[in-house]
Asks: 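One structure, pasted below without further comment.
Numbers restart at 1 for each chain; the letters A, B, ... are given by sequence-line order, proteins then strands.
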2 protein chains.
Amino acid sequence: MSLIRYALLSLLAREPLSGYDIKQQMNDRFAPFWKAGSNQVYPELSKMESEELVTLISVEQHSYRPARKVYEITDIGKTTLAEWTIEPKEVEKVRDDFLIKAYNSWMIPPAEMIERLKDIKVQHEERLAIYERKMVELSGQFKLFDTSDPNFSSISVIQFGAQYERLYLAWCEDLIEKLNLSLQQQK
Amino acid sequence: MSLIRYALLSLLAREPLSGYDIKQQMNDRFAPFWKAGSNQVYPELSKMESEELVTLISVEQHSYRPARKVYEITDIGKTTLAEWTIEPKEVEKVRDDFLIKAYNSWMIPPAEMIERLKDIKVQHEERLAIYERKMVELSGQFKLFDTSDPNFSSISVIQFGAQYERLYLAWCEDLIEKLNLSLQQQK
DNA sequence: CGTATCATGTAACATGTTACATGATTTT
DNA sequence: AAAATCATGTAACATGTTACATGATACG
């Protein structure tokens, strides 16, 4: 039911991982699509183990550290994930704070709003750079047209991310331009 | 602090509204950017009233119905909203369920995945149509270059929405095409 | 004659975020 | 000497969703 469950399974469908690995992948590699706190990952893994969606395949003990518990997806886990994947669902709300801020731009002096937009642009440029780096990384190890290769899916999702950032940048630039025009008209 | 507060203020900055009005605007007109339940709207309005961000300007009693309580934003409310609007903040995660589903597309038979994508496309086409209708509505009552007109902001946000839906559609079409190619190669 | 609308609100539940706790080791 | 890394996990808090409650009237 909960979304986090399927996010975890999506990663485990590709390779066995520990809770810690999953957190890393979400917060570093998978970012900025997703994020998960330890309080969600660890309890969910235990629950999924008791429901036989995953199994514990090894417990590595490096002397002093807490035991590293590595989980593998089961066949039940795979079919559960596949069923969820093709299950129809209403699409999400967009829900981006900055869009509400933009909805208030009429209250803000144009010069100030332009500064804000430039800040936002920098952040989106950084994200775009991350996606583009990932694209280069992945496209090397990918056989064209093999849609059953996990990399096919990774690439398509990253491509979405990159396109999204380009859209955001273009939108910011357009707004900046309009605000600039109105500044010049005032003079 | 909470986001809902600023969403409410954003609407009240344009005109006085009741809690019911706000819910309507969010769930109908403002959709699909945002959504709010009554349990968030009504208590938040009371809280904001006690903090003097809004004031109750009228209580309409239509015989049998619960009293309709209309709120207006105060000057404190306006400056609070304006400050929040220009306050820098890290940009949001994208977080769309379907992107996780797409991340699992390698597990799904291409023909099935194509069907799913077509379903999603329909939903995004509907949203695009909503945005385009709103654009026509709004652009009529808008003086070009007047960035202090609330409609200027409305238009820019809706434009973002429309561009987003076009991106989503293009991405779906691209994926469908790739999946189709791999189907033909299998034959 | 059942359902939708107006209009407030509460309660129960699900989900997500931030901070904390442990504790040796490696890096700065 | 301080901070980051690995690795598990818990607790407190904030936010969001779904369902319920009231109750007269208008609509199909």
Side-chain angles (χ1 to χ4, degrees), chain A residues 1-8 16-50 54 56-71 89-97 100, chain B residues 1-8 16-50 54 56-71 89-97 100:
Chain A
M1 319 253 145
S2 72
L3 244 184
I4 192 77
R5 155 160 302 190
Y6 299 105
L8 300 191
L17 296 164
S18 72
Y20 190 82
D21 293 336
I22 288 173
K23 259 183 60 195
Q24 294 306 100
Q25 291 211 7
M26 291 227 168
N27 300 341
D28 301 342
R29 299 192 349 181
F30 218 54
F33 280 119
W34 210 259
K35 213 193 124 168
S38 30
N39 74 102
Q40 290 190 280
V41 171
Y42 295 115
E44 194 64 37
L45 276 173
S46 309
K47 255 190 268 173
M48 290 202 290
E49 200 197 350
S50 68
V54 297
L56 193 58
I57 52 161
S58 79
V59 181
E60 293 162 32
Q61 186 72 60
H62 283 273
S63 61
Y64 59 93
R65 284 189 206 149
R68 182 182 142 84
K69 293 156 79 179
V70 179
Y71 293 89
K89 215 216 134 191
E90 265 198 50
V91 301
E92 291 296 304
K93 313 263 164 288
V94 177
R95 187 176 284 253
D96 177 327
D97 295 20
I100 310 189
Chain B
M1 320 253 147
S2 71
L3 244 183
I4 192 77
R5 153 160 305 193
Y6 298 106
L8 301 190
L17 296 165
S18 72
Y20 190 82
D21 294 336
I22 289 173
K23 261 182 61 196
Q24 294 307 99
Q25 291 211 8
M26 290 228 171
N27 301 341
D28 300 343
R29 298 190 353 179
F30 218 54
F33 279 119
W34 209 262
K35 211 193 126 167
S38 32
N39 74 104
Q40 290 189 280
V41 172
Y42 295 115
E44 194 64 37
L45 277 172
S46 309
K47 255 190 269 175
M48 290 201 292
E49 199 197 353
S50 67
V54 297
L56 194 58
I57 53 161
S58 79
V59 181
E60 295 162 30
Q61 185 73 60
H62 284 270
S63 62
Y64 60 91
R65 283 186 208 153
R68 181 182 142 85
K69 295 156 79 178
V70 180
Y71 295 90
K89 216 216 133 192
E90 266 198 49
V91 302
E92 290 296 300
K93 312 265 165 288
V94 180
R95 187 176 284 252
D96 177 329
D97 294 22
I100 310 189

Asks: Can you check whether B/Ala36's main-chain N or O pairs, donor with acceptor, with B/Asn27's side chain at less than 3.5 Å?
Replies: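 Judged by distance alone, yes, a pair lies under 3.5 Å.
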
Asks: Base, sugar-phosphate alone, or nothing: which one does B/Ala36 contact when heavy atoms must sit under 4.0 Å apart?
Replies: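 Nothing: the residue B/Ala36, judged by heavy atoms under 4.0 Å, touches no strand.
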
Asks: A/Asp21: which residues meet the salt bridge (charged side-chain N to carboxylate O under 4.0 Å, His left out) condition with it, sequence neighbours left out?
Replies: A/Arg68

Asks: Should the heavy atoms of other residues, nucleotides or ligands under 6.0 Å from CD of A/Glu60 be counted, would the total exceed 12?
Replies: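 Yes, CD of A/Glu60 has more than 12 neighbouring heavy atoms, counting only those of other groups under 6.0 Å.
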
Asks: Under the salt bridge (charged side-chain N to carboxylate O under 4.0 Å, His left out) rule, collect the residues that match up with B/Glu92, sequence neighbours excluded.
Replies: B/Lys89

Asks: When the distance from OH of B/Tyr20 to C1' of D/dG23 is rounded to whole Å, what number comes out?
Replies: 14 Å

Asks: Does C/dG9 have OP1 or OP2 sitting under 4.0 Å from an N or O in the side chain of B/Lys69?
Replies: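 Yes, because at least one side-chain N or O of B/Lys69 sits under 4.0 Å from OP1 or OP2 of C/dG9.
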
Asks: Check this one for me: any side-chain N or O of A/Tyr42 less than 4.0 Å away from OP1 or OP2 of D/dT8?
Replies: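 A/Tyr42 to D/dT8 OP1/OP2: side-chain N or O found under 4.0 Å.
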
Asks: Polar-atom pairs under 3.5 Å, protein N or O versus N or O of nucleotides 18-21 of chain D: list them with distances, or write none.
Replies:
from	atom 1	to	atom 2	distance (Å)
D/dT18	O4	B/Asn39	ND2	2.9

Asks: Tell me, please, which residues at least two apart from A/Lys47 pass salt bridge (charged side-chain N to carboxylate O under 4.0 Å, His left out).
Replies: A/Glu44

Asks: Under 4.0 Å between a side-chain N/O of A/Arg5 and OP1 or OP2 of C/dT15, yes or no?
Replies: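 Checking C/dT15 against A/Arg5, no side-chain N or O comes under 4.0 Å of OP1 or OP2.
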
Asks: Take the C1' atoms of the five end pairs on each side of the helix from C/dC1-D/dG28 to C/dT28-D/dA1, derive the two axes, and give their angle rounded to 10 degrees.
Replies: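 End axes: 50° apart.
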
Asks: Not counting sequence neighbours, which residues clear side chain to side chain contact (heavy atoms under 4.5 Å, CB included) with B/Pro43? List them please.
Replies: none

